[in-house]
Number of protein chains: 2
Amino acid sequence: MALRHAVLAALLDGEYSGYQLAKAFDVGVANFWHAASQQLYAELAKLESEGLVTGRQVVQKTRPDKRLFRVTDAGLAELERFGAAASKPSFIRDELLVKVHAADSIDGGSLIEQLQERAAVAEAKTEFLGGLLRQLRGEVDEAEFLRRGERIGPYLTCLRGLSFERDHRDWCVRIAAVLRERQGIHAGR
Amino acid sequence: MALRHAVLAALLDGEYSGYQLAKAFDVGVANFWHAASQQLYAELAKLESEGLVTGRQVVQKTRPDKRLFRVTDAGLAELERFGAAASKPSFIRDELLVKVHAADSIDGGSLIEQLQERAAVAEAKTEFLGGLLRQLRGEVDEAEFLRRGERIGPYLTCLRGLSFERDHRDWCVRIAAVLRERQGIHAGR
DNA sequence: GCATCCTAGTCAAGAAAATGACTAATCACA
DNA sequence: TGTGATTAGTCATTTTCTTGACTAGGATGC
């Protein structure tokens, strides 16, 4: 009963097909929620049967037909209700961190590689989110956009994502350096 | 097939009962993995049946008896194998962020309150993790500890947790301020 | 001219995780 | 003297997630 609200929140940006929604969950929404496309199709069907979203068929010539969904008034009411209720505490789940926690018992070389790779991914995502933010705010500067923009929700969560990715990148780089130095010390004995 | 490695990594710190493990998953391990105590008991039973951990009964007078677990050589080998394999991408899941994404459609007052509350929690966790780090490194300074400490894995993941919480707190404070200012603008019209 | 990618989904099986209830003794507090 | 917290778990059910396979046509690249 939680994915549904992430879907509703994502659909506020406009009409989406399940496929497009899955894309959104790979980029902006990924800053706070992850879901596979099959889950999204299933959730959309459930939301539709409950009347929280409506879909309309769009026939396409060069592409398979699709169904575009948007949030209904009942969906908005449900979001409103959700917004007022208590939130579950957030959680992270990260296998790379599990490995680092076990760093003293596993192969350092491989770990360093993975940290560098992850740092590169985080760096790429940092740049991507930077671009996305520029796109979302358009011509105006950030402070002005945040004061008077019409749809700032996605912007705010992207800000969080950007900060997270930067921070994560820095940590990865630093930890890789720490592990490299320790390898040098061990090799030098 | 993922919780098992988090459990193995956590058990590297020494012998733990299921109950103690659950505590660890609420503090240090929470920086990268979340699990309910029931899951941990179940996972420990599975790991034991596969020979990756061994448990020994400890009879207590004033407390219920408990079973302390430690990682076996087979468990270490499994961790080693896990360390060399590719990691799944990490994911965050945060209902508060879902709400912020939908900020334009839900009640601002409640959201601001929740952001402030979350900021306070993050602040408390920041302080807690700071203390934990001091405790982990003992008398030596950080650079020295990271160069020559014996068990740095938990320290490194706590560093990540600390950074995350600080960052999260700052974001919460800032977003609450942004939403407050927007409320002022609306009220002023 | 063939291979692969992209759009746009659907289906089913099985693993993993979340939830809620329950036991039972001890200790701290008021 | 009783209320609640702490230690130390167990059991069962439901929900959610993951994985892999499958359809099908058009676009793109080599």
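Proteins come first, then strands; the chains are lettered A, B, ... in the order of their sequence lines, and each starts at number 1.
In this structure, A:R4 places its CZ atom 16 Å from C1' of D:dC17, rounding to the nearest Å. The NE2-C1' distance, from B:H5 to C:dA16, rounds to 14 Å in whole Å. If you measure from atom CG of B:L21 to atom P of D:dT10, you get 13 Å, rounded to the nearest angstrom. What separates CD of A:Q38 from P of C:dA13 is a distance of 15 Å, to the nearest Å. Whole-Å rounding puts the B:H34 NE2 to C:dA17 C1' distance at 10 Å. In this structure, CZ of B:F91 is placed 8 Å from P of D:dC17, rounded to the nearest angstrom. Protein atom CH2 of A:W33 is 12 Å distant from nucleotide atom C1' of D:dC17, rounded to whole Å. One can place CG of B:D26 at 12 Å from P of D:dT7, the figure rounded to the nearest angstrom.
For A:F82, the ring pair (Phe, Tyr, Trp, His ring centres under 6.0 Å) test picks out A:H5, with sequence neighbours left out.
Rounded to the nearest 0.5 angstrom, A:E95 CD and B:S90 OG are separated by 10.0 Å. In this structure, B:L3 CG and B:E43 CD are separated by 4.5 Å, a value rounded to the nearest 0.5 Å.
Without hydrogens or angle criteria, A:E181 side chain to B:R147 main chain gives no donor-acceptor distance under 3.5 Å. No side-chain donor-acceptor contact under 3.5 Å links A:T72 to the backbone of A:T54.
With the end axes of the helix from C:dG1-D:dC30 to C:dA30-D:dT1 each set by five pairs, the angle from one to the other reads 50° at 10° resolution.
Annotation: cation-pi geometry not satisfied between A:R182 and B:F145 (NZ/CZ under 6.0 angstrom from ring centroid, within 45° of ring axis).
The side-chain hydrogen bond (donor to acceptor under 3.5 Å, both in side chains) analysis of residues 171-180 of chain B, with sequence neighbours excluded, yields the pairs A:E142-B:R174. A side-chain hydrogen bond (donor to acceptor under 3.5 Å, both in side chains) check over residues 121-132 of chain A, counting only residues at least two apart or in different chains, returns the pairs A:E123-A:R169.
Side-chain contact check for A:S163 and B:D167: at least one donor-acceptor pair (N or O, by modelled atom type) lies under 3.5 Å.
The pair B:E144-B:R148 counts as a salt bridge, with a side-chain nitrogen and a carboxylate oxygen less than 4.0 angstrom apart.
Here A:K61 does not reach the OP1 or OP2 of D:dA27: none of its side-chain N or O atoms lies under 4.0 Å away.
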N/O-N/O pairs, protein side and nucleotides 4-8 of chain C side, under 3.5 Å:
residue: C:dC6; atom: O2; partner: A:R63; partner atom: NH1; Å: 3.3
residue: C:dT7; atom: OP2; partner: A:Y19; partner atom: OH; Å: 3.0
residue: C:dT7; atom: OP2; partner: A:K23; partner atom: NZ; Å: 3.1
residue: C:dA8; atom: OP1; partner: A:Q60; partner atom: OE1; Å: 3.4
residue: C:dA8; atom: OP1; partner: A:Q60; partner atom: NE2; Å: 2.8
residue: C:dA8; atom: O3'; partner: A:D65; partner atom: O; Å: 3.4

Under-3.5 Å N/O pairs linking protein and nucleotides 13-16 of chain D:
residue: D:dT16; atom: OP1; partner: A:M1; partner atom: N; Å: 2.3

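Exactly one residue among B:V100, B:D104, B:L97 makes a side chain to side chain contact (heavy atoms under 4.5 Å, CB included) with A:L156. That residue is B:V100.
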